[in-house]
Amino acid sequence: MIYDHLLVRYGELTLKGANRKTFVSQLRSNVKRALMPLKGYEVKANRDRMYIELDEQADIDEMISRISKVYGVHSISPVLKIEKTMDAMYEHARIFANEYQPGESFKIEVKRSDKQFEYETFAIQRMVGGAILKHNDAIHVNVRQPDHEIKIEVRLDAVYMYDKVIPAIGGLPVGTGGKTLLMLSGGIDSPVAGMEVMSRGVTIEAIHFHSPPFTSEKAKEKVIELTRIMAERVGTIKLHIVPFTEVQKQVHKVVHERYTMTSTRRMMMRIADKVVHQIGADAIVNGENLGQVASQTLKSMYAINAVTSTPVLRPLLSLDKEEIINKAKALGTFETSIQPFEDCCTIFTPKNPVTEPQFDKVIKYESGFDFEPLIDEAVKNIETLIIDKNYRLHDDKQNEWDDDLF
Ligand code: ATP
Ligand code: MG
């Protein structure tokens, strides 16, 4: 391995002052969490960038793959940290150039933030380029379209040399933007909706409505796996599984068949609203999309939304299915989402659900029964799992983030 550090660049550089401090310290702990339990590194972050010092135990490819999924990381470069002398630059630039094939071209690009350094940018470029050519005359310089580019940063503390910039996911570090509750079904949309809000720095906990025996253990496992994939970006996510069978059965007893879908969704929302307050979150997130399926109309959203004054975020509202699928593929949830396990709603879906529910009818049907005790019972019996990226399930007692590890 020729590299001895990973250079991690932050996105959204406009953040200033105290915000920036919070941003950096959250990002540092998210990166550390993403790297656990790998060995062979030490993370050091300052206000501009993060350096991860590597030793011989470090699995650099695995580290890059994990860090590139952490929101708030803009790009990563494996770098060599070297002494601030021209000789050290010559020596190490040659190590890079040794890998090039005869006939290939290269370019040296220098950034000199230490203005006291004895040589200027262009001089350094020329001198290092010359040193390489002296050693290897089968390659040549091409500044317009080089096959390889060696970047040299002359900074106050040292010189950093690298040849790759690997793009990462960007966004803001999760944990800097408050907390939401994601309504997570086993479908394609809701995990993507969750990641959209996570990418803006928001922490999520997930809630899933499960109706055994109408929905199987496999359907629950699928949701656990989707949560695990999302946790790759943050380390750990809490998943609240709501026993929903009794509520759903009761809806089907008292509500007109064509309105059962609307009322079922309203009951989900009532339960989610209670959980939002229990966990100290400030919004609910779902995967609804305008017009994607017949039930996702404005009238339907109005009826469902009317049970709560908590903001309901719908990050996928206006996206095409195609775009959502592409995002699901990029995030790694698509293959799991398309596994054919029944959802609690598909089982009970009426043949001909109303697409434009009339609000007064919804209220009339539901008034035939007091759902509140059933809802409270469901909330009381929620099973909460803490799922980490390695699929370890923790019980709720050891629930808080292991921040003292860092
Ligand atoms: P998804 O692909 O996320 O299931 P969808 O297009 O199938 O979305 P619906 O089934 O109409 O849409 O559900 C709309 C939203 O309601 C979902 O995106 C999800 O946020 C929420 N939802 C539906 N079923 C459940 C469930 N069993 N548990 C938790 N949330 C659910
Ligand atoms: Mg669905």
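Each ligand, and each atom within it, is numbered from 1 in the order the structure gives. Count residues from 1 along the sequence. Quick note: numbers below take in every heavy atom, side chains included, and nothing from hydrogens, waters or symmetry partners. What you see is a predicted model, and the numbers here were worked out from it, not measured in a lab.
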When only distance counts, is Lys321 in polar contact with ligand 1, meaning an N/O pair under 3.5 Å? no

Is a side-chain donor or acceptor of Arg9 paired with a backbone partner of Met50 at a separation under 3.5 angstrom? no

Numbered atoms of ligand 1 (with element) below 4.0 Å of Asn286, judged on heavy atoms: 20 (O)

If you measure every N or O of Met268 against every N or O of ligand 1, does any of those distances drop under 3.5 Å? no

Under 6.0 Å between ring centres: does that hold for Tyr160 and Tyr51? yes

If only atom types and distance count, is the side chain of Arg28 paired as donor or acceptor with the main-chain N or O of Asn46 below 3.5 Å? no

Under 4.0 Å to a heavy atom of Ser190 - the qualifying atoms of ligand 1, by number: 1 (P), 3 (O), 18 (O), 19 (C), 20 (O)

Is the backbone N or O of Phe117 less than 3.5 Å from a side-chain atom of Arg112, with the two atoms forming a donor-acceptor pair by type? yes

Look only at interatomic distance and state if Met183 has a nitrogen or oxygen under 3.5 Å from any nitrogen or oxygen of ligand 1. yes

Just let me know how Val285 lines up against ligand 1, side chain, backbone, both or neither, with a heavy-atom cut-off below 4.0 Å. neither

Mind checking whether His210 has a heavy atom under 4.0 Å from ligand 1? no

Report, in ascending order of atom number, the atoms of ligand 1 lying under 4.0 Å from any heavy atom of Gly187. 1 (P), 2 (O), 4 (O)

Output the list of atoms in ligand 1 that are nearer than 4.0 Å to some heavy atom of Ile188, sorted by atom number. 2 (O)

Assess whether side chain to side chain contact (heavy atoms under 4.5 Å, CB included) is satisfied between Val379 and Gln278, documenting all intermediate values. CA-CA 10 Å; Val379 171; Gln278 275 182 6; 3.4 Å; yes

What part of Ile207, side chain, backbone, both or neither, has a heavy atom within less than 4.0 angstrom of ligand 1? backbone

Is it true that a side-chain atom of Asp320 and a backbone atom of Glu322 form a donor plus acceptor pair closer than 3.5 Å? no

Aromatic centroids of His210 and Phe244 separated by under 6.0 Å: no

Could you tell me whether some N/O pair between Gly287 and ligand 1 is separated by less than 3.5 angstrom? yes

Looking at non-hydrogen atoms alone, which of Ile271, Asp189, Thr264 comes nearest to atom 2 (O) of ligand 1? Asp189

Ignoring hydrogens and angles, tell me if any N or O in the side chain of Lys44 forms a donor-acceptor pair with the backbone of Glu53 under 3.5 Å. no

